Every structure is written in C-alpha cells, then in structure tokens.
Amino acid sequence: ISREDAASLMAIALKLDHKKAPNAGFKDVTKASEKAVNSLVHAGIIEKNGNKFGSKNALTRGELAVWIAKAFNLKGSTDTDFTDVPAKNKELIGSIVLYDIADGISETEFGYSQRVTLSEFITMLQSAIKSPDYQLRVLHVNDTHANIENTPRQISAIYEHRKGNTNNLLLHAGDVFSGTLYFNEF
C-alpha cells in the first residue's frame, strides 16, 4: 500500500476533521488525498520534513506502527529486543507490541523497513481501533510460605517486569504464614 493511500484510509478511520487542517505544502500529494494527509500532519500523526511526502512510496511496517501509536496516543511500552528499530521510535514500537497491535517478524526484528500489504495495514489499524484505552497487567503470587527462599528472585522478577511496563497490579493471594502456633493450633 502506498503512503498516500494509507494516509487516506487512516484519516477516514480516525474521522479527522480536514476543515481545520492547514495545507501541509507537500508537492507530491494528489488532490484526492490532500485533505487526508493535511489532517494527519495537523493531528501530529505524520511529521512534515520538507515539501515531499513520498506519496507513491510503499508504506513500511515501522512507519505504520509509528502512525498508529501517535494516532491512538498509546501510553506505555514494553521492552523489545528489536535491532532494526531506530532509537527514537523504540518506545512507540514497544507500545504497538504492548497493545497487541503487531508483533515482530522474529525475536530480534520488527520488520521496520518491510513494506506493508493492504491486508496487514487493515489488520493493524483494526487492532488499534479495537484496542482498549487502558492496559492493566496483573502479577499474581500466592502460597509463598513453602518457598520463602525464592523471595529475592520473585522481587527481582517483579522489578524487571515493572521496569518495562506501566499500569501494573501486584496481587498476593495470601498463605504466607506457616509453622506458627496460631495457624497450627487454632
């Protein structure tokens, strides 16, 4: 899918008001897509760098992911091991993964520079539209009395998880006592 076609479809899906958007000044955008592209620039979804939009260029997975993360104002991120994502977009790509909008093509690659097919574009956009506004991660532990020696490892795992994720809830279901007179006799 071309950048211009993707911009047109995204502007429609987001129901952007093109009347408020000033002309972005791109010289290579067709009249049919001009309002959509202007709306996306005005909304801060697409950055304007010069007077060329690259209308006929194929949209990449990385570009689409960044557009979606900005369009839906995705909060939070997860740590990824993707080596093909520029540092400035790591958090945005991490939010796409966190919200289950897209995964990498492997453990170490997002496929940032790969072309997006129309099918993939629709799937990612539809996933973003259906994505909840709030992500809650529940960390659950219980029955720790028999494994008290694992507490440092458990604490490390909790800290590690919280480091890359927001909106966490630690739920301890109890049963931490063992061998006391109260629990053995009463």
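In this text the structure is predicted, and so the values were computed from the model without any measurement. The analysis underlying the following values was restricted to heavy atoms, covering all of them including side chains, and did not include hydrogens, waters or symmetry mates.
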Practice task
Tell me whether the guanidinium CZ or amine NZ of Lys52 lies under 6.0 angstrom from the six-membered ring centre of Phe26 and within 45° of its axis.
Solution key: no
For [X] and [Y], work out which heavy atoms get closest and say how close.
X	Y	answer
Trp67	Ala7	CZ3-N, 3.9 Å
Ser95	Gly76	CB-O, 3.1 Å
Asp100	Ser127	O-CB, 4.4 Å
Asp103	Arg61	O-NH2, 2.5 Å
Gly94	Thr80	CA-CG2, 4.4 Å
Ser33	Val29	C-CG1, 3.8 Å

Problem - Full working for side chain to side chain contact (heavy atoms under 4.5 Å, CB included) between Lys48 and His42 - result: CA-CA 10 Å; Lys48 181 174 182 334; His42 182 68; over 6 Å; no
Exercise for the section: Indicate if Tyr99 and Ile105 have the same hydrophobic cluster label, given that clusters are the connected sets of ILVMFWY residues with side-chain heavy-atom separations under 4.5 angstrom. Expected result: no
Exercise for the section: Verify the neighbour count for atom CD of Glu91: are there more than 12 heavy atoms of other residues, nucleotides or ligands below 6.0 Å? Expected result: no
Exercise for the section: Mark yes when over 12 heavy atoms from residues, nucleotides or ligands other than Lys35 sit less than 6.0 Å from its NZ; otherwise mark no. Expected result: no
When rounded to the nearest 0.5 angstrom, what is the spacing between [atom1] in [X] and [atom2] in [Y]?
X	Y	atom1	atom2	answer
Lys130	Leu125	NZ	CG	11.0 Å
Ile96	Phe72	CD1	CZ	9.0 Å
Thr60	Leu64	OG1	CG	8.0 Å
Leu118	Ile1	CG	CD1	5.0 Å
Arg153	Ile158	CZ	CD1	13.0 Å
Ile93	Thr78	CD1	OG1	13.0 Å

Exercise for the section: Report yes or no: does Asp28 contribute a side-chain atom to a donor-acceptor pair with the main-chain N or O of Ser55 at less than 3.5 Å? Expected result: yes
Can you give each donor-acceptor pair under 3.5 Å made by side-chain atoms of residues 9-23, sequence neighbours left out, with the distance rounded to 0.1 Å?
{"residue": "Asp17", "atom": "OD1", "partner": "Lys19", "partner atom": "N", "Å": "3.1"}
{"residue": "Asn23", "atom": "OD1", "partner": "Gly25", "partner atom": "N", "Å": "2.6"}
{"residue": "Asn23", "atom": "ND2", "partner": "Glu34", "partner atom": "OE2", "Å": "3.4"}

Ignoring hydrogens and angles, write down the donor-acceptor pairs under 3.5 Å from the side chains of residues 106-115, residues two or more places apart or on other chains.
{"residue": "Ser106", "atom": "OG", "partner": "Thr108", "partner atom": "N", "Å": "3.3"}
{"residue": "Ser106", "atom": "OG", "partner": "Glu109", "partner atom": "N", "Å": "3.1"}
{"residue": "Tyr112", "atom": "OH", "partner": "Asn89", "partner atom": "ND2", "Å": "2.6"}

Practice task
Under the side-chain hydrogen bond (donor to acceptor under 3.5 Å, both in side chains) rule, what do Asp5 and Ser8 come out as? Steps first, then yes or no, please.
Solution key: CA-CA 5 Å; Asp5 291 341; Ser8 295; 5.4 Å; no
